[in-house]
Protein chains: 2
Amino acid sequence: MISTQNNDSDQVVEHVISAILSNRLNPGVKLSEVSLQDEFGFSRNVVREGFLKLVDAGVLIHKKNQGVHVAVPTEEQTRQIFQARRIIENGIMQILLDQCIDNKLDIETIEKLIEEEEQLHRGGKSTELTQASCYFHLRLAELCNNQFLVDSLKPLILLSTLAASVYTNESSGFCSYEEHQNLFDSIKSQDRQNTIDAINIHLDRCIESLNFEIKPKAKTNYSHIFN
Amino acid sequence: MISTQNNDSDQVVEHVISAILSNRLNPGVKLSEVSLQDEFGFSRNVVREGFLKLVDAGVLIHKKNQGVHVAVPTEEQTRQIFQARRIIENGIMQILLDQCIDNKLDIETIEKLIEEEEQLHRGGKSTELTQASCYFHLRLAELCNNQFLVDSLKPLILLSTLAASVYTNESSGFCSYEEHQNLFDSIKSQDRQNTIDAINIHLDRCIESLNFEIKPKAKTNYSHIFN
DNA sequence: TAATCTATAATTGTTGACAATTATTGTTGA
DNA sequence: TCAACAATAATTGTCAACAATTATAGATTA
């Protein structure tokens, strides 16, 4: 479970997550305890605790005496990630459809998200668009009012972003807002088969857009990514 | 990073998980750091780290200055847990079916699990049967060769066990081995609709067997549950 | 120049002490 | 007997110091 802001260490978690989603923090980059300590004024213990949570979620990788690195998903892992996403997000679509049929779907929220993506796309802001795309998927999960679904999906979304960062030359086309629009239209028209097809095609396109021939770059240290 | 001996804190995690699955550790029970430290000889840090992981998974609940307690799922949480399980385990069934069709399903493993459950049932060993039932669901997830699915399902299974412990008078009938047998038969006969029906009926029966009128008991301290 | 080795610096891992908070026990008084 | 309060004990939270390990930079040699 990655979220919640009860603790200082959760702030560390949120900072790292935000940095990953916005492509400021790339796969393989090493995070040292001291650097985050200095940038935010957290104590080392707090930073360690935050790291542990992210390691638990698979977003960071820990090696003994070598600290933590941002995960670099392998091809196999990426396929597993998208297999799991397909399962969970299919379920999410069913729930949203049920909500729509019962007139309980928060349509406005989704419309806003898509509009936001559209503007970012038109403005050519590709990194912000990537972040918004991921957020779209997470937000749909949150609309289900099921914490466990969100908790299951969140690490998968983060790892998808990392995979995209590794296996694309331009991440702009990774997760298209037009397909989000299609998905939303299918939900609104309450067509179950169409909706399921839409999410599956969307996820298939995401993974098909990846080029696994690209080899992960050497690991680098980060320098003042936050702030 | 947080512990060189990641193994040690994972041992703490495993001990707690095993204690929950076998009904030695009940919902609401407080776990103190010192007690586990004494029983296993782990350092306090290691125990804290293990607790943190379990808190992250939602299995333990942490309150500031009051340590950790075993989670007591509410009715609402329990419904969310089973909604999430339905989604994930439906997906697992699809994967196992595909494996079966491709002649890649490890049928022997599943047969052994069911046989084991049958013996425990005949022997009247209800707590062991509960543990075996949960293990059955987890084992099916593992057969999918997808770590992310296992990671998503595992906390849900643990929380299901806790919910059963709270909302039943006798936990024996919670998760029946006959339905596991039915499920397995459906998979083997490669009947997709039957299989999906079987898992959904099974999960529905699980939650229907719960009596949410039962109010959680007062929280107690534990005393030498492990060992 | 490139490679190897060595000394130094930096980072992580571990422990224990102490502060802050909560829980427990014992006492008093009506 | 019971409730309220005070003193004590137990538990958790935090931090800093030190040990262990790894990374870096410099020197040496071919």
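Below, chain A is the first sequence line, B the second, and so on; all start at residue 1.
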Practice prompt. Would you indicate, yes or no, if dG13(D) has its OP1 or OP2 atom less than 4.0 angstrom from a side-chain nitrogen or oxygen of Arg48(B)?
Written response: yes

Discussion item. Side chain of Lys30(B), heavy atoms from C-beta onward: which of dT11(D), dT22(D), dT11(C) has the nearest atom to it?
Written reply: dT11(D)

Fill in: Parallel, tilted or perpendicular: ring planes of Phe40(A) versus His15(A), cut at 30 and 60 degrees
parallel

Worksheet entry | Spacing of Lys64(B) atom NZ relative to dT21(C) atom C1', expressed in whole Å | 10 Å

Discussion item. My understanding is that a pair needs two contacts under 3.5 Å, Watson-Crick or G-U wobble. By that rule, which nucleotide pairs with dG29(C)?
Written reply: dC2(D)

Item to complete: For Asn65(A) and dT12(C), give me the distance from atom CG to atom C1', rounded to whole Å.
Response: 6 Å

Item to complete: Indicate whether OP1 or OP2 belonging to dC15(D) is found under 4.0 Å from a side-chain N or O atom of Ser43(A).
Response: yes

Discussion item. Measure CG/Asp8(A) against C1'/dC15(D) and give the value in whole Å, please.
Written reply: 14 Å

Worksheet item: Do the rings of His180(A) and Phe136(A) sit parallel, tilted or perpendicular, given the 30° and 60° boundaries?
Response: parallel

Fill in: Counterpart base for dC5(C), defined by Watson-Crick or G-U wobble contacts under 3.5 Å
dG26(D)

Practice prompt. Looking only at non-hydrogen atoms, find the nearest pair between Cys175(A) and His137(A) and report the distance.
Written response: SG-NE2, 3.6 Å

Worksheet item: When the distance from CZ of Phe42(A) to P of dG13(D) is rounded to whole Å, what number comes out?
Response: 18 Å

Discussion item. Please report the distance, rounded to the nearest Å, between CD in Glu33(B) and C1' in dT14(D).
Written reply: 12 Å

Item to complete: Calculate the interatomic distance between Leu52(B) atom CG and dG13(D) atom P; express it in whole Å.
Response: 11 Å

Item to complete: Return no unless some side-chain N or O of Gln66(A) is found under 4.0 Å from OP1 or OP2 of dA23(D).
Response: yes

Discussion item. Of the listed nucleotides (dT12(C), dG13(D), dC15(D)), which one gets closest to any side-chain atom of Arg44(B)?
Written reply: dG13(D)

Worksheet, complete the sentence: Rounded to whole Å, the CD-P distance (Gln37(B) to dG13(D)) equals 14 Å

Fill in: Gap between atoms CG and C1', on Leu31(B) and dT12(D) respectively (whole Å)
14 Å

Worksheet item: Among Leu153(A), Leu138(A), Val70(A), Val59(A), which residue meets the side chain to side chain contact (heavy atoms under 4.5 Å, CB included) test with Leu158(A)?
Response: Val59(A)

Fill in: Working for side chain to side chain donor-acceptor pair (under 3.5 Å), residues Ser160(B) and Arg85(B)
CA-CA 9 Å; Ser160(B) 298; Arg85(B) 280 189 63 176; 2.9 Å; yes

Discussion item. With a cut-off of less than 4.0 Å, is there a side-chain N or O of His62(B) near OP1 or OP2 of dT11(D)?
Written reply: no

